[in-house]
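Atoms within each ligand, like the ligands themselves, are counted from 1 in listed order.
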Amino acid sequence: MRKNSIAVIGAGKWGSALHFALSQKQEVFITSRTPRDVKNFVDLQTALECEYLVIAIPAQEIRAWLKENFVFNGQKILVASKGIEASSGEFLNEIYAPFVPEKNIGFISGPSFAAEVIKGLPCALVINSSSKKLYKKFEPFFPNFIKTYYSSDVIGAEVAGAYKNVLAIASGICEGLNLGKNAQASLIARGLVEMQRFGKVFKAKKSSFLGLSGAGDLFLTANSTMSRNFRVGLGLSQDKKLEDILEELGEVAEGVQTSVAIQNLSRKYEIYTPIANEVNLVLLGKNPKDSLKDLLKS
Ligand SMILES: NC(=O)C1=CN([C@@H]2O[C@H](COP(=O)(O)OP(=O)(O)OC[C@H]3O[C@@H](n4cnc5c(N)ncnc54)[C@H](OP(=O)(O)O)[C@@H]3O)[C@@H](O)[C@H]2O)C=CC1
Ligand SMILES: O=C(CO)COP(=O)(O)O
């Protein structure tokens, strides 16, 4: 392992933004499935030899990627992805657990559009890990325009970061149907309550949903066309087909698959999640207007 070296894995929007940010204070390598002509781009094996890894690949791709590529040899890892695996209902910390000791992994959460971070605009992030020592290792790598906080509530951060993407789809539908800001604000507020209700079942801390990971990221993502998930909602409100929306997007919108995971987990644990349920039904083809009527009745 190359001591004190850092690599970002995944040169998509978020990986590229984090690479830019972390490169402000030290040399940072980057690698991705598709080679790119960017500074410090290296092959995957070289990246995996680094002591510090920031992994920014889509949540639904992580398990296969780990099985195919990852061998633990002491690396310290920050997971930048947000989502719940649709096929298993497992959270990312559960997927990483067989590959990385709990004390060597953290999860990034909080309001952070890559498009703003890559411009050096200020933001605040939470590094969530059972190990504060891991936070203290990564914290100095972040540039002055990113304020980092520590939290031990990994599951709370995961639920918040994943659920907000589904709620952003709902908010995009609301916006696209021109229902007004009263309706959108009510939807977001009730969505926050629903997110916290869901998280409580998995022993998440309520404070995580009132802070950057929950309210912060939800307010950001559910109120902006910079959000891919919000744009999926807009497309659905215009009766576009989901595959056409995703084709046009060209980037991942994690809320689409996470809504399947939430639906399955809600059924399994009998959790009341009316908004997420309706998002899942609209993604499956239900008319958004009928969905709204049913939401108002529920
Ligand atoms: N964009 C944002 O503002 C933010 C995104 N996130 C989260 O970060 C994660 C990544 O999102 P983002 O970067 O925006 O997505 P993009 O769609 O922009 O990029 C996805 C990246 O994942 C790589 N990738 C896709 N499938 C695979 C695979 N099977 N194996 C290996 N690599 C793969 C792609 O590689 P390649 O292009 O080389 O083929 C690309 O580098 C998501 O979970 C997202 O929710 C979190 C905060 C902010
Ligand atoms: O997680 C994000 C901002 O914090 C990015 O949101 P989208 O994936 O909806 O673009």
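The residue Ser16 has no part lying near ligand 1, judged by heavy-atom distances below 4.0 Å. Only the backbone of Ala11 comes within 4.0 Å of ligand 1, counting heavy atoms alone; no side-chain atom from C-beta on gets that close. If you look at Trp65 next to ligand 1, the close heavy atoms, those under 4.0 Å, all belong to the side chain. The proximity of Leu220 to ligand 2, defined as any non-hydrogen pair under 4.0 Å, is limited to the side chain. Only the backbone of Ala56 comes within 4.0 Å of ligand 1, counting heavy atoms alone; no side-chain atom from C-beta on gets that close.
A donor and an acceptor atom, one from each side chain of Ser213 and Ser109, are located under 3.5 Å apart. Side-chain polar atoms of Asn104 and Glu102 form no donor-acceptor pair below 3.5 angstrom. Using modelled atom types and a 3.5 Å distance limit, the side chains of Thr258 and Asn165 yield no donor-acceptor pair. At a cut-off of 3.5 Å, with distance as the only test, no side-chain donor of Thr273 or Glu194 sits close to an acceptor on the other residue.
Of the protein's non-hydrogen atoms, Lys164 NZ, 3.8 Å is the one closest to atom 5 (C) of ligand 2. Distance from atom 10 (O) of ligand 2 to its nearest protein heavy atom, with residue and atom name: Arg228 NE, 2.5 Å.
Residue Met226 places no heavy atom under 4.0 Å from ligand 1.
Listed by number with element, the atoms of ligand 2 under 4.0 Å from a non-hydrogen atom of Ser112 are 3 (C), 4 (O). Ligand-side atoms of ligand 2 in range of Ser227: 7 (P), 9 (O), 10 (O), range being under 4.0 angstrom from any heavy atom. Near Asp217, meaning under 4.0 Å from one of its heavy atoms, ligand 2 places the atoms 3 (C), 4 (O).
Atom CZ of Phe142 has more than 12 heavy atoms from other residues, nucleotides or ligands within 6.0 Å.
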Practice task
Take Phe230 and Asn223, measure what side chain to side chain contact (heavy atoms under 4.5 Å, CB included) needs, and give me the verdict at the end.
Solution key: CA-CA 8 Å; Phe230 186 87; Asn223 282 298; 5.9 Å; no
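Remark: ligand 1 and Ala115 share no N or O pair separated by less than 3.5 Å (distance only, no angle test).
Side-chain rings of Phe202 and Phe91 approach one another, their centers coming within less than 6.0 Å.
Look at Lys286 and Glu278 and you find a salt bridge, because one of the NZ, NE, NH1 or NH2 atoms lies within 4.0 Å of a carboxylate O, short of that distance.
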